[in-house]
Number of protein chains: 2
Amino acid sequence: MTEVIEPAIETVTIDVVLSALADPVRLTLVRAFDAAGDWACGSDVVRSTGVTIGKSTLSHHIKVLRDAGLIRTRVDGVRRLVMLRYDDVERRFPGLLALLRGDGRAAT
Amino acid sequence: MTEVIEPAIETVTIDVVLSALADPVRLTLVRAFDAAGDWACGSDVVRSTGVTIGKSTLSHHIKVLRDAGLIRTRVDGVRRLVMLRYDDVERRFPGLLALLRGDGRAAT
DNA sequence: CGTACTGTTCGACGCGGATCGAACAGTACG
DNA sequence: CGTACTGTTCGATCCGCGTCGAACAGTACG
(Lines give C-alpha, C1' and ligand atoms only; values in the text may rest on other atoms or scores of the structure.)
Protein backbone atom coordinates (compact mmCIF):
# COMPACT_ATOMS: atom_id res chain seq x y z
CA MET A 1 0.00 0.00 0.00
CA THR A 2 1.32 3.44 -0.90
CA GLU A 3 -1.34 5.64 0.68
CA VAL A 4 -2.00 6.61 4.28
CA ILE A 5 -5.52 7.05 5.57
CA GLU A 6 -6.77 10.60 5.63
CA PRO A 7 -10.18 12.09 6.53
CA ALA A 8 -12.63 13.13 3.85
CA ILE A 9 -12.43 16.90 3.58
CA GLU A 10 -16.16 17.24 4.24
CA THR A 11 -15.82 15.66 7.66
CA VAL A 12 -13.19 18.20 8.73
CA THR A 13 -14.37 21.12 10.86
CA ILE A 14 -12.81 24.56 11.05
CA ASP A 15 -12.47 24.06 14.79
CA VAL A 16 -10.06 21.17 14.34
CA VAL A 17 -8.14 23.08 11.68
CA LEU A 18 -7.71 26.08 13.95
CA SER A 19 -6.48 23.87 16.79
CA ALA A 20 -4.00 22.26 14.44
CA LEU A 21 -2.68 25.60 13.22
CA ALA A 22 -2.44 27.07 16.71
CA ASP A 23 0.89 25.38 17.37
CA PRO A 24 3.90 27.37 16.10
CA VAL A 25 5.79 24.28 14.95
CA ARG A 26 2.84 23.00 12.93
CA LEU A 27 2.27 26.43 11.43
CA THR A 28 5.90 26.49 10.36
CA LEU A 29 5.49 23.03 8.87
CA VAL A 30 2.43 24.00 6.87
CA ARG A 31 4.19 27.06 5.49
CA ALA A 32 7.24 24.97 4.60
CA PHE A 33 5.12 22.36 2.83
CA ASP A 34 3.33 25.15 1.04
CA ALA A 35 6.66 26.60 -0.06
CA ALA A 36 7.76 23.18 -1.26
CA GLY A 37 4.74 23.01 -3.53
CA ASP A 38 4.68 19.28 -4.03
CA TRP A 39 5.63 16.02 -2.33
CA ALA A 40 8.41 16.49 0.19
CA CYS A 41 9.99 14.45 2.94
CA GLY A 42 8.87 15.69 6.36
CA SER A 43 12.29 15.27 7.93
CA ASP A 44 13.96 17.23 5.14
CA VAL A 45 11.36 20.00 5.36
CA VAL A 46 11.63 20.43 9.09
CA ARG A 47 15.39 20.47 8.72
CA SER A 48 15.16 23.28 6.19
CA THR A 49 13.12 25.38 8.60
CA GLY A 50 15.80 25.32 11.27
CA VAL A 51 13.37 23.92 13.81
CA THR A 52 14.97 21.22 15.92
CA ILE A 53 12.59 18.56 17.20
CA GLY A 54 12.81 14.83 17.74
CA LYS A 55 11.50 12.48 15.09
CA SER A 56 8.74 11.24 17.36
CA THR A 57 7.57 14.82 17.83
CA LEU A 58 7.58 15.39 14.10
CA SER A 59 5.60 12.22 13.59
CA HIS A 60 3.07 13.51 16.09
CA HIS A 61 2.68 16.87 14.34
CA ILE A 62 2.36 15.22 10.95
CA LYS A 63 -0.45 13.09 12.30
CA VAL A 64 -2.27 16.10 13.76
CA LEU A 65 -2.04 17.96 10.46
CA ARG A 66 -3.19 14.90 8.55
CA ASP A 67 -6.17 14.38 10.88
CA ALA A 68 -7.01 18.05 10.35
CA GLY A 69 -7.25 17.36 6.63
CA LEU A 70 -4.45 19.73 5.74
CA ILE A 71 -1.83 17.34 4.42
CA ARG A 72 -1.58 14.01 2.63
CA THR A 73 1.02 11.32 3.22
CA ARG A 74 2.40 8.87 0.70
CA VAL A 75 4.75 6.00 1.31
CA ASP A 76 7.90 5.99 -0.80
CA GLY A 77 10.14 3.12 0.09
CA VAL A 78 11.55 3.69 3.53
CA ARG A 79 10.37 7.27 3.82
CA ARG A 80 7.08 9.13 3.84
CA LEU A 81 6.37 11.99 1.50
CA VAL A 82 4.01 14.76 2.55
CA MET A 83 2.05 17.28 0.50
CA LEU A 84 -0.54 19.95 1.18
CA ARG A 85 -4.12 19.11 0.12
CA TYR A 86 -4.40 22.32 -1.86
CA ASP A 87 -7.62 21.59 -3.74
CA ASP A 88 -9.47 20.03 -0.81
CA VAL A 89 -8.49 22.72 1.68
CA GLU A 90 -9.23 25.54 -0.74
CA ARG A 91 -12.63 24.06 -1.59
CA ARG A 92 -13.65 23.51 2.02
CA PHE A 93 -11.96 26.56 3.59
CA PRO A 94 -11.58 29.17 0.86
CA GLY A 95 -8.81 31.66 1.53
CA LEU A 96 -7.35 29.79 4.47
CA LEU A 97 -4.02 29.01 2.85
CA ALA A 98 -3.77 32.57 1.59
CA LEU A 99 -4.17 33.78 5.17
CA LEU A 100 -1.29 31.57 6.31
CA ARG A 101 1.13 32.72 3.66
CA GLY A 102 -0.15 36.26 3.71
CA ASP A 103 1.63 39.23 5.16
CA GLY A 104 -0.22 38.87 8.41
CA ARG A 105 3.09 38.00 9.99
CA ALA A 106 5.34 41.00 10.27
CA ALA A 107 4.21 44.23 11.86
CA THR A 108 4.78 47.71 10.53
CA MET B 1 -12.64 57.34 29.52
CA THR B 2 -15.03 55.22 27.52
CA GLU B 3 -12.55 53.22 25.46
CA VAL B 4 -10.32 50.29 26.31
CA ILE B 5 -6.87 49.96 24.81
CA GLU B 6 -6.64 47.69 21.80
CA PRO B 7 -3.74 46.85 19.47
CA ALA B 8 -3.43 48.47 16.05
CA ILE B 9 -4.59 45.90 13.52
CA GLU B 10 -1.29 46.12 11.64
CA THR B 11 0.62 44.87 14.66
CA VAL B 12 -1.52 41.75 14.92
CA THR B 13 -0.11 38.54 13.43
CA ILE B 14 -2.07 35.60 12.09
CA ASP B 15 -0.21 33.40 14.55
CA VAL B 16 -1.74 35.18 17.54
CA VAL B 17 -5.17 35.14 15.93
CA LEU B 18 -4.99 31.41 15.34
CA SER B 19 -3.94 30.80 18.93
CA ALA B 20 -6.83 32.92 20.13
CA LEU B 21 -9.33 31.06 17.98
CA ALA B 22 -8.01 27.63 18.93
CA ASP B 23 -9.95 27.62 22.21
CA PRO B 24 -13.53 26.32 21.84
CA VAL B 25 -14.95 28.83 24.31
CA ARG B 26 -13.37 31.78 22.52
CA LEU B 27 -14.51 30.46 19.16
CA THR B 28 -18.04 30.28 20.51
CA LEU B 29 -17.69 33.82 21.82
CA VAL B 30 -16.52 35.20 18.48
CA ARG B 31 -19.40 33.51 16.68
CA ALA B 32 -21.86 34.86 19.22
CA PHE B 33 -20.48 38.39 18.92
CA ASP B 34 -20.66 38.01 15.16
CA ALA B 35 -24.28 36.94 15.41
CA ALA B 36 -25.01 39.90 17.65
CA GLY B 37 -23.74 42.23 14.95
CA ASP B 38 -23.12 45.24 17.14
CA TRP B 39 -22.21 46.18 20.68
CA ALA B 40 -23.22 43.52 23.19
CA CYS B 41 -22.55 42.79 26.83
CA GLY B 42 -20.10 39.90 27.19
CA SER B 43 -21.93 38.35 30.11
CA ASP B 44 -25.23 38.40 28.25
CA VAL B 45 -23.67 36.92 25.14
CA VAL B 46 -21.97 34.07 26.94
CA ARG B 47 -25.23 33.39 28.74
CA SER B 48 -27.05 33.14 25.43
CA THR B 49 -24.60 30.53 24.21
CA GLY B 50 -25.31 28.17 27.08
CA VAL B 51 -21.65 28.05 28.02
CA THR B 52 -21.18 28.18 31.78
CA ILE B 53 -17.94 29.80 32.93
CA GLY B 54 -16.96 32.03 35.82
CA LYS B 55 -16.80 35.75 35.29
CA SER B 56 -13.05 35.81 35.81
CA THR B 57 -12.65 33.23 33.07
CA LEU B 58 -14.82 35.29 30.75
CA SER B 59 -12.75 38.36 31.53
CA HIS B 60 -9.65 36.39 30.61
CA HIS B 61 -11.05 35.23 27.25
CA ILE B 62 -12.23 38.73 26.41
CA LYS B 63 -8.73 40.01 27.03
CA VAL B 64 -7.17 37.34 24.81
CA LEU B 65 -9.57 38.15 21.99
CA ARG B 66 -8.94 41.86 22.40
CA ASP B 67 -5.15 41.38 22.36
CA ALA B 68 -5.61 39.33 19.19
CA GLY B 69 -7.26 42.35 17.59
CA LEU B 70 -10.55 40.58 17.04
CA ILE B 71 -12.83 42.54 19.35
CA ARG B 72 -13.21 46.03 20.75
CA THR B 73 -14.39 46.93 24.24
CA ARG B 74 -16.31 50.01 25.28
CA VAL B 75 -17.25 51.11 28.78
CA ASP B 76 -20.94 51.75 29.34
CA GLY B 77 -21.63 52.69 32.91
CA VAL B 78 -21.07 49.67 35.09
CA ARG B 79 -20.75 47.21 32.23
CA ARG B 80 -18.47 46.65 29.27
CA LEU B 81 -19.82 46.34 25.76
CA VAL B 82 -17.98 44.22 23.21
CA MET B 83 -18.06 44.27 19.42
CA LEU B 84 -16.22 42.53 16.61
CA ARG B 85 -13.71 44.67 14.71
CA TYR B 86 -15.29 43.78 11.38
CA ASP B 87 -13.50 46.30 9.17
CA ASP B 88 -10.07 45.90 10.74
CA VAL B 89 -10.17 42.11 10.78
CA GLU B 90 -11.50 41.90 7.24
CA ARG B 91 -8.86 44.28 5.97
CA ARG B 92 -5.96 42.52 7.67
CA PHE B 93 -7.21 38.94 7.35
CA PRO B 94 -9.59 38.82 4.38
CA GLY B 95 -12.04 35.96 4.56
CA LEU B 96 -11.23 34.98 8.11
CA LEU B 97 -14.62 35.84 9.59
CA ALA B 98 -16.33 34.10 6.69
CA LEU B 99 -14.37 30.96 7.53
CA LEU B 100 -15.57 31.08 11.12
CA ARG B 101 -19.23 31.45 10.30
CA GLY B 102 -18.97 29.23 7.25
CA ASP B 103 -20.37 25.72 6.99
CA GLY B 104 -17.02 24.30 7.94
CA ARG B 105 -18.66 23.09 11.12
CA ALA B 106 -21.06 20.23 10.48
CA ALA B 107 -20.08 17.17 8.50
CA THR B 108 -22.09 15.57 5.72
C1' DC C 1 19.94 -13.35 6.99
C1' DG C 2 21.93 -9.33 9.13
C1' DT C 3 22.69 -4.48 9.12
C1' DA C 4 21.25 0.19 8.49
C1' DC C 5 17.93 3.61 7.92
C1' DT C 6 13.18 6.08 8.37
C1' DG C 7 9.21 6.59 10.73
C1' DT C 8 5.50 5.01 14.19
C1' DT C 9 4.04 3.85 18.80
C1' DC C 10 4.19 3.99 23.63
C1' DG C 11 5.08 5.89 28.34
C1' DA C 12 6.60 9.49 30.89
C1' DC C 13 7.72 14.21 31.96
C1' DG C 14 7.06 19.29 32.19
C1' DC C 15 4.99 23.49 31.02
C1' DG C 16 1.60 26.58 29.46
C1' DG C 17 -2.98 27.83 29.67
C1' DA C 18 -7.92 27.33 31.08
C1' DT C 19 -10.47 27.57 35.15
C1' DC C 20 -12.00 29.02 39.64
C1' DG C 21 -12.64 31.77 44.00
C1' DA C 22 -11.59 35.69 46.62
C1' DA C 23 -10.35 40.31 46.89
C1' DC C 24 -10.47 44.76 44.80
C1' DA C 25 -12.01 48.77 41.71
C1' DG C 26 -15.41 51.56 39.68
C1' DT C 27 -20.21 52.95 38.80
C1' DA C 28 -25.25 53.57 39.78
C1' DC C 29 -28.65 54.67 42.96
C1' DG C 30 -31.24 55.68 47.09
C1' DC D 1 -22.31 57.65 52.53
C1' DG D 2 -23.69 52.91 52.06
C1' DT D 3 -25.39 49.26 49.30
C1' DA D 4 -25.58 46.64 45.09
C1' DC D 5 -23.90 45.34 40.79
C1' DT D 6 -20.31 44.38 36.91
C1' DG D 7 -15.94 43.41 35.71
C1' DT D 8 -10.73 43.11 36.63
C1' DT D 9 -6.80 41.24 39.02
C1' DC D 10 -4.37 37.95 41.61
C1' DG D 11 -3.07 33.24 43.32
C1' DA D 12 -3.73 28.64 43.07
C1' DT D 13 -5.10 24.41 40.90
C1' DC D 14 -5.64 21.18 37.26
C1' DC D 15 -5.34 19.16 32.88
C1' DG D 16 -4.23 18.87 28.12
C1' DC D 17 -0.60 18.80 24.94
C1' DG D 18 4.07 19.30 23.17
C1' DT D 19 8.28 17.02 23.89
C1' DC D 20 11.52 13.32 24.41
C1' DG D 21 13.67 8.58 24.55
C1' DA D 22 13.29 3.83 23.90
C1' DA D 23 11.29 0.09 21.65
C1' DC D 24 9.22 -1.64 17.54
C1' DA D 25 7.86 -2.09 12.42
C1' DG D 26 8.93 -1.96 7.72
C1' DT D 27 12.07 -1.35 3.79
C1' DA D 28 16.58 -1.34 1.29
C1' DC D 29 20.78 -3.46 0.47
C1' DG D 30 24.87 -6.37 0.65
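Order of the sequence lines sets the chain letters (A, B, ...), proteins ahead of strands, with each chain counted from 1. Keep in mind that the numbers below use all heavy atoms, side chains included, and drop hydrogens, waters and symmetry copies.
Evaluation of the side-chain hydrogen bond (donor to acceptor under 3.5 Å, both in side chains) rule for A:D23 yields no partner, not counting sequence neighbours. When the side-chain hydrogen bond (donor to acceptor under 3.5 Å, both in side chains) test is applied to B:R101, the partners found at least two apart in sequence or on another chain are B:D34. Scanning for salt bridge (charged side-chain N to carboxylate O under 4.0 Å, His left out) contacts around B:R31 gives A:D15, with sequence neighbours left out. Under the rule for a side-chain contact (heavy atoms from CB on, under 4.5 Å), the partners of A:R80 that lie at least two apart in sequence or sit in another chain are A:T73, A:V75. Evaluation of the side-chain contact (heavy atoms from CB on, under 4.5 Å) rule for A:P7 yields A:T11, A:V12, A:R85 as partners, not counting sequence neighbours. Among residues two or more places apart in sequence or in another chain, the side-chain hydrogen bond (donor to acceptor under 3.5 Å, both in side chains) test is passed with A:H60 by none. With sequence neighbours excluded, no residue forms a salt bridge (charged side-chain N to carboxylate O under 4.0 Å, His left out) with A:R66.
Contact detail for A:L18 and B:A22: the closest heavy-atom pair is O-CB, 4.1 Å.
Near DNA chain D, meaning a heavy atom under 4.0 Å from it, residues 17-49 of chain B has B:C41, B:S43 in order of number. Less than 4.0 Å separates DNA chain D from at least one heavy atom of each of the following residues of residues 50-68 of chain B: B:K55, B:S56, B:S59.
A continuous path of Ile, Leu, Val, Met, Phe, Trp and Tyr side chains, each step under 4.5 Å between heavy atoms, connects B:L81 with B:L65, placing both in one hydrophobic cluster.
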Query raised in the report: When you look at A:E10 and A:R91, which way does the salt bridge (Lys or Arg N to Asp or Glu O under 4.0 Å) test go after all the steps?
Result: CA-CA 10 Å; A:E10 292 79 16; A:R91 175 159 46 90; 3.3 Å; yes
Output a table of donor-acceptor pairs, distance under 3.5 Å, between side-chain atoms of residues 46-56 of chain B and any protein atom two or more places apart or on a different chain; print 'none' if there are none.
from  : atom 1 : to    : atom 2 : distance (Å)
B:R47 : NH1    : B:D44 : OD1    : 3.3
B:S48 : OG     : B:V45 : O      : 2.5
B:T49 : OG1    : B:V46 : O      : 2.6
B:T49 : OG1    : B:V51 : N      : 3.3

Query raised in the report: Which dot-bracket string fits DNA chain D when only Watson-Crick or G-U wobble pairs with both atom distances under 3.5 Å count, crossing pairs get [ ], and | stands for a partner on a different strand?
Result: ||||||||||||||||||||||||||||||
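Interface limits on DNA chain C: the 5'-most and 3'-most nucleotides within less than 4.0 Å of chain A heavy atoms are C:dC5 to C:dT9.
Looking at heavy atoms from C-beta onward, B:L70 lies in side-chain contact with B:L21 at the 4.5 angstrom threshold.
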